[in-house]
Colleague: 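I'd like to ask some things about the structure below.
Not measured: the values here are computed from a predicted model. Chain A is the first sequence line, chain B the second, and so forth, proteins listed ahead of strands; every chain is numbered from 1.
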4 protein chains.
Amino acid sequence: MEFKDQQAIYLQIAELFCENILLQKWHPGDRIPSVREMAVNIEVNPNTVMRTFTYLQDKGIIYNKRGIGYFVTDDGLERTRTLRRDQFINQELPHIFKQMELLGLNLDDLKNYYTEHKPNE
Amino acid sequence: MEFKDQQAIYLQIAELFCENILLQKWHPGDRIPSVREMAVNIEVNPNTVMRTFTYLQDKGIIYNKRGIGYFVTDDGLERTRTLRRDQFINQELPHIFKQMELLGLNLDDLKNYYTEHKPNE
Amino acid sequence: MEFKDQQAIYLQIAELFCENILLQKWHPGDRIPSVREMAVNIEVNPNTVMRTFTYLQDKGIIYNKRGIGYFVTDDGLERTRTLRRDQFINQELPHIFKQMELLGLNLDDLKNYYTEHKPNE
Amino acid sequence: MEFKDQQAIYLQIAELFCENILLQKWHPGDRIPSVREMAVNIEVNPNTVMRTFTYLQDKGIIYNKRGIGYFVTDDGLERTRTLRRDQFINQELPHIFKQMELLGLNLDDLKNYYTEHKPNE
DNA sequence: GTGGTCTAGACCACC
DNA sequence: GTGGTCTAGACCACA
């Protein structure tokens, strides 16, 4: 797996996890891969993965069963969605809108970019 | 002045400068405040301000007259606009669109937020 | 059965056993449920229950008859009481008192909480 | 500095910090010693100290000024007190009272121990 | 097998 | 000088 340089790896892993949950590849109650397993898969130090786990546990998105592993919490999907949505609306959107104003872009411009970008993904 | 914790202070100052140029508070050819002056105003280490100046000089947005100060370049407005526009379209927009997809938001939702946010600014 | 995350499960099971003895649900000489039985009941790995048994046997609270099962020792009640009392007085109380001092609580505050909590149990 | 073996070192350091705040050795707004400084003082790896800092920052008790250091938040004292008080009342007290009941101790017994222990500290 | 903690040492960005 | 992140490797308790 490849990581961007600008953001901490453990946070990029966290985003990956959140995407898996949002895309419902991982469901509430599911056991997620062990620290070591993940570490090998994405070619990263186990400590780094551990950090991601701790971070997400703190957010109430995953929890631990002693000696067994980590699991998505029952309200994990909901929490993830809320977390990301709030972040998006309260932090990213205002910034975006400010940018648009400064750059003289309007929603129609955005729409055009959207239709262009969308198919490439 | 207050700074976010997530982004380097010198970059936040750079943003401030760019805004001043885009909003045409500062025009091409204008002298901009000295390092010391800025440092005192925004309560920041002069080294940090210096870094902003170097950064913007590098982008061709400001230039230095030895012993006199820093000035907005003749094509400073244009450069700033291009710089920010490219950044916005190539880096921020794709990310935004991806988020929207994950969160199940569409352009109409955005529109609603837009009309809500706009008046507050 | 639900377990706290902060303490080893086998110790939490041990506490449960001690309570049963202190509350005289289990008397000296009584046979206590088998490992498997317990494991099924409280939904825990048999190894974990086994560990509790070993632990308590070590403390002289239960003993084993090969091929038959585990039994509360003749002085099991007494031992349990002593064990817990010592632990309580020498380890927990000093900590409690320190906390109270730091938090500015006194014995009267404790008394109030006591009268509040008691009826709920 | 000496650490107990039963609790993670980084948490014991956190407790130390909280005590300093509760005892008003450290006041809101104060800069606290740097990671490296602490690490040398208490003879622990800087990473371990870092972990404590991250933990307390998460609790809103300290915050970071980039490149300068960590500071006690304005409501640090209050937060610490609330945090510890809640923990004490909701988690420790019920356990204590349960123990007392099992062991046949009452508040007067506690009082006696209190007067005994107190002067030793 | 699982996670959890710690050390040692390195590198980086930032002030 | 400050913090922040990462790697490597070790040890431990627990299930």
Colleague: Could you tell me how far apart B/F3 (CZ) and E/dC14 (P) are, to the nearest whole angstrom?
Modeller: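 My rounded result for the distance is 14 Å.
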Colleague: Does this structure show an ion pair linking C/E19 with C/K25, if we count only N-O contacts that are shorter than 4.0 Å?
Modeller: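 Salt bridge absent between C/E19 and C/K25.
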Colleague: Measure the distance from CD on A/E37 to P on E/dT2 and round it to the nearest whole Å.
Modeller: 7 Å
Colleague: Expressed as a whole number of angstroms, how long is the span from B/Q12:CD to E/dC14:C1'?
Modeller: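 Answer to the nearest Å: 12 Å.
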Colleague: Any strand counts, and the cut-off is 3.5 Å on both contacts for Watson-Crick or G-U wobble. Which nucleotide pairs with E/dG9?
Modeller: F/dC6
Colleague: B/I13 has an atom CD1; how far is it from atom P of E/dC15, in whole Å?
Modeller: 8 Å
Colleague: For residues C/F17 and C/I32, determine if any side-chain heavy atom of one lies less than 4.5 Å from a side-chain heavy atom of the other.
Modeller: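 They are in contact (side-chain heavy atoms under 4.5 Å apart), so the answer is yes.
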Colleague: Report the distance from atom CG of B/D5 to atom P of F/dT2, rounded to the nearest whole Å.
Modeller: 18 Å
Colleague: Are the side chains of A/Q12 and A/E2 in contact, using a 4.5 Å heavy-atom criterion?
Modeller: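 Result no, sub-4.5 Å side-chain heavy-atom pair not found.
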Colleague: What is the distance, rounded to the nearest whole Å, between atom OH of D/Y70 and atom C1' of F/dG1?
Modeller: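 Value for this atom pair: 15 Å.
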Colleague: In terms of side-chain heavy atoms, does D/Q99 have a donor or acceptor partner in D/H95 at a distance below 3.5 Å?
Modeller: yes
Colleague: Output the rounded distance in Å from CD (B/Q6) to C1' (E/dC14).
Modeller: 16 Å
Colleague: Rounded to the nearest Å, what distance is computed from the CD1 atom of residue D/I32 to the C1' atom of nucleotide F/dG1?
Modeller: 16 Å
Colleague: Count the heavy atoms belonging to other residues, nucleotides or ligands that lie under 6.0 Å from CD of C/Q7, then report whether that count exceeds 12.
Modeller: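 Yes, the 6.0 Å shell around CD holds more than 12 heavy atoms from other groups.
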Colleague: Treat primed atoms plus P, OP1 and OP2 as sugar-phosphate and everything else as base, then score nucleotides 5-15 of chain F 5' to 3': B for base contact with protein heavy atoms under 4.0 Å, S for sugar-phosphate contact only, - for none.
Modeller: BBBBB----BS
Colleague: Across all strands shown, which nucleotide pairs with F/dG1 by Watson-Crick or G-U wobble geometry, both distances under 3.5 Å?
Modeller: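 By the stated definition (distances under 3.5 Å), E/dC14 pairs with F/dG1.
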Colleague: Name the one of D/F53, D/Y63, D/W26, D/Y55 that satisfies ring pair (Phe, Tyr, Trp, His ring centres under 6.0 Å) with D/Y70?
Modeller: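 One option only clears the test, and that one is D/F53.
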